[in-house]
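For reference, the structure discussed in these notes is given below.
These values consider heavy atoms only, across backbone and side chains, with no hydrogens, waters or symmetry-generated copies. Predicted model only: the values in this text are computed from it and were never measured.
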Amino acid sequence: MTGASGKSANPWWRRLQLAWQALLGRQRHKSNETRFRDFGELRSKQVAFPDSAEARRVETLLRESAALELFPPFMFRLESTVWVRFVPGHRPNPRDPGDLEAMCRFFTALYRFRPVECRLDQTDLQPRLIARLRILCKAGRLDQVRLIELEQLAERLRPPMVWTGLDYIDALAKNFIIGRRGAVGVDIEAIGDGELLGTGLAKARHRWLGEAADPFLDALVAGGGPDLRPQYAYTQLQFLAHYGVQNLVRGKQGRIRADDFDALLSAASNADGSRQP
C-alpha cells in the first residue's frame, strides 16, 4: 500500500503550476483533491470534495448509473471523500475510428439513461442564457451588435420542449479513458444530473472532437434514445455562453472567442436559408 497521502493524480508539471499560481495569489477554482491509492493489488482513485453533500451526490449518481459502466466503479465514501476503482486504458484519439465508436457508445448510453422531457418555459434556461450573453457583452467579450443578434438567435432556437437528465459536463479528452469495455468518464466530479442533454457532447465537439461528434445524435435516435437534434443548436449556444462566463471568472479570457458565436449565427442563417421554398 502507498503512503497515507497516496500519489497525486496531477503530473509534476501541473503541481508545479498550481504551486506557482498559489504564490502569485491566484485563486484555484477547482477545489477537489484527487489522488491515486493502492491497497495491495487493488488500485483506486480518491477524490476529496469540499463538503460531504457533494460527495454524497456523486456517490448517488455513481451507484444509480453503475450498470451503464460509463464511470469508474464506486468503492466507498468516507465523509467528503469518494473512492472509485482505477480504470486502465488510453486517452481517446479523435482520429482513431475505434475510439470514435467508443465515444459514440458512451454518449448514446448516457443520454438513454432516464431522460426527462419538459417544457422549456418550466426551466430557467432561457433567462440564464440571456443573462450570460449580457455579462460577456458588459465584460467586452461580445460587442453590442453581436449581443442583439445572439439574443435574437436564442429566441429563434428555443425549443418548446427540451430533454434533461444525466450528462458528463466536462467532456474533455483528458477526462476519458478508452478501456477494455469502451469509453469511461474518469472525472467523477463532472457527472451532472438535471442537465440540458447534449451539453457534454457540445463541449467535446468544441474542445476536441469537432465535426466527428455530429453523427452521435443520429446514433442516439437509432439506438432508441431521445431525439436531441431539435434542441442541439440551442444547447450549443447555452454551452458557449456558460463556457464564456466560466472562463471569464477564471481569468482565461483568451478562450472566449467571438468567432465561436459567429459560427453559430452563420449555421443558423444557413439552416434558415435551406428551409426557404
Side-chain angles (χ1 to χ4, degrees), residues 65 68 70 100-101 103-133 136 146-171 183 185 190-245 259-277:
S65 64
L68 301 178
L70 300 179
L100 284 178
E101 177 60 28
M103 293 304 307
C104 183
R105 291 197 303 270
F106 176 92
F107 282 107
T108 298
L110 183 65
Y111 293 153
R112 288 178 59 186
F113 180 70
R114 57 169 173 77
V116 175
E117 190 176 26
C118 62
R119 292 184 57 83
L120 180 68
D121 58 16
Q122 292 177 333
T123 74
D124 64 348
L125 286 168
Q126 188 72 358
R128 279 196 296 166
L129 172 57
I130 299 302
R132 287 166 176 163
L133 291 173
L136 293 175
R146 276 197 184 92
L147 174 64
I148 294 172
E149 292 177 340
L150 289 169
E151 287 184 342
Q152 293 171 345
L153 179 63
E155 188 61 32
R156 293 204 312 273
L157 292 180
R158 59 181 295 176
M161 306 290 294
V162 291
W163 289 97
T164 63
L166 197 69
D167 208 336
Y168 189 54
I169 56 177
D170 198 15
I191 308 172
D193 201 9
E195 301 288 341
L196 181 64
L197 288 186
T199 299
L201 183 60
K203 182 163 188 175
R205 187 189 195 280
H206 179 75
R207 289 293 304 273
W208 65 283
L209 274 177
E211 294 181 357
D214 292 346
F216 291 9
L217 296 179
D218 293 331
L220 175 63
V221 176
D227 189 355
L228 304 184
R229 293 172 297 189
Q231 73 184 51
Y232 190 54
Y234 183 76
T235 304
Q236 289 178 296
L237 181 57
Q238 284 276 3
F239 159 72
L240 275 184
H242 170 78
Y243 187 63
V245 173
D259 289 350
D260 294 330
F261 291 96
D262 290 344
L264 285 184
L265 288 166
S266 178
S269 177
N270 292 337
D272 291 341
S274 66
R275 287 192 288 265
Q276 294 299 321

(request) Write down the atom of Met161, the atom of Glu117, and the distance for their closest heavy-atom approach. (result) CB-OE2, 3.6 Å
Side-chain donor-acceptor pairs of residues 103-113 under 3.5 Å, sequence neighbours excluded:
from	atom 1	to	atom 2	distance (Å)
Thr108	OG1	Cys104	O	2.8
Tyr111	OH	Asp167	OD1	2.9
Tyr111	OH	Asp167	OD2	3.2
Tyr111	OH	Gly198	N	3.4
Tyr111	OH	Leu201	N	3.3
Arg112	NE	Gly223	O	3.2
Arg112	NH1	Gly223	O	3.1
Arg112	NH2	Gly223	O	3.4

(message) I'd like to check Val221 versus Asp218 (side-chain heavy atoms, cut-off strictly below 4.5 Å). Are they in contact?
(response) no
(request) For residues Pro226 and Pro115, determine if any side-chain heavy atom of one lies less than 4.5 Å from a side-chain heavy atom of the other. (result) yes
(message) Rounded to the nearest 0.5 Å, what separates atom CG in Leu153 from atom CG in Leu265?
(response) 5.5 Å
(request) Compare all side-chain heavy atoms of Glu211 with those of Arg205 and state whether any distance is below 4.5 angstrom. (result) yes
(message) Just verifying a value: how many Å separate Glu195 CD and Leu125 CG, rounded to the nearest 0.5 Å?
(response) 9.5 Å
(request) Can you see which heavy atom on Leu240 is nearest to which on Asp260, and at what distance? (result) CD1-O, 3.6 Å
(message) Quick check for you: to the nearest 0.5 Å, what is the distance between Trp163 atom CH2 and Thr235 atom OG1?
(response) 13.0 Å
(request) Could you tell me whether the side chain of Gln126 reaches within less than 4.5 Å of the side chain of Asp121, counting heavy atoms only? (result) no
(request) Of all the heavy-atom pairs spanning Leu136 and Ala241, show the shortest one and how long it is. (result) CD1-O, 4.1 Å
(message) Between Thr164 and Cys118, is there a side-chain heavy-atom distance shorter than 4.5 Å?
(response) yes
(request) Only counting residues at least two apart or in another chain, list the ones meeting side chain to side chain contact (heavy atoms under 4.5 Å, CB included) with Asp124. (result) Pro127, Arg128
(message) If I take atom CG from residue Leu150 and atom CZ from residue Arg156, how far apart are they, to the nearest 0.5 angstrom?
(response) 10.0 Å
(message) Nearest 0.5 Å, please: how far is CG in Leu209 from CG in Leu100?
(response) 6.5 Å
(message) Please find the pair of heavy atoms, one from Glu151 and one from Leu133, that lie closest to each other, and give the distance.
(response) N-CD1, 4.4 Å
(message) Closer than 3.5 angstrom, by distance alone: can the side chain of Gln231 be matched with the main-chain N or O of Leu197 as a donor-acceptor pair?
(response) yes
(request) Grab the two heavy atoms, one from Ala154 and one from Ile130, that are nearest each other, plus how far apart they are. (result) CB-CD1, 4.1 Å
(request) Kindly give the heavy-atom pair with the smallest separation between Ala171 and Lys203, and that separation in Å. (result) N-CD, 4.2 Å
(message) Nearest 0.5 Å, please: how far is CZ in Phe261 from CZ in Arg146?
(response) 9.5 Å
(request) Enumerate the residue pairs fulfilling ring-ring contact (aromatic ring centres under 6.0 Å, His included) with a member in residues 210-232, sequence neighbours excluded, ordered by first and then second residue. (result) none
(message) Quick one, Tyr234 and Leu120 - any side-chain contact, counting heavy atoms below 4.5 Å?
(response) yes
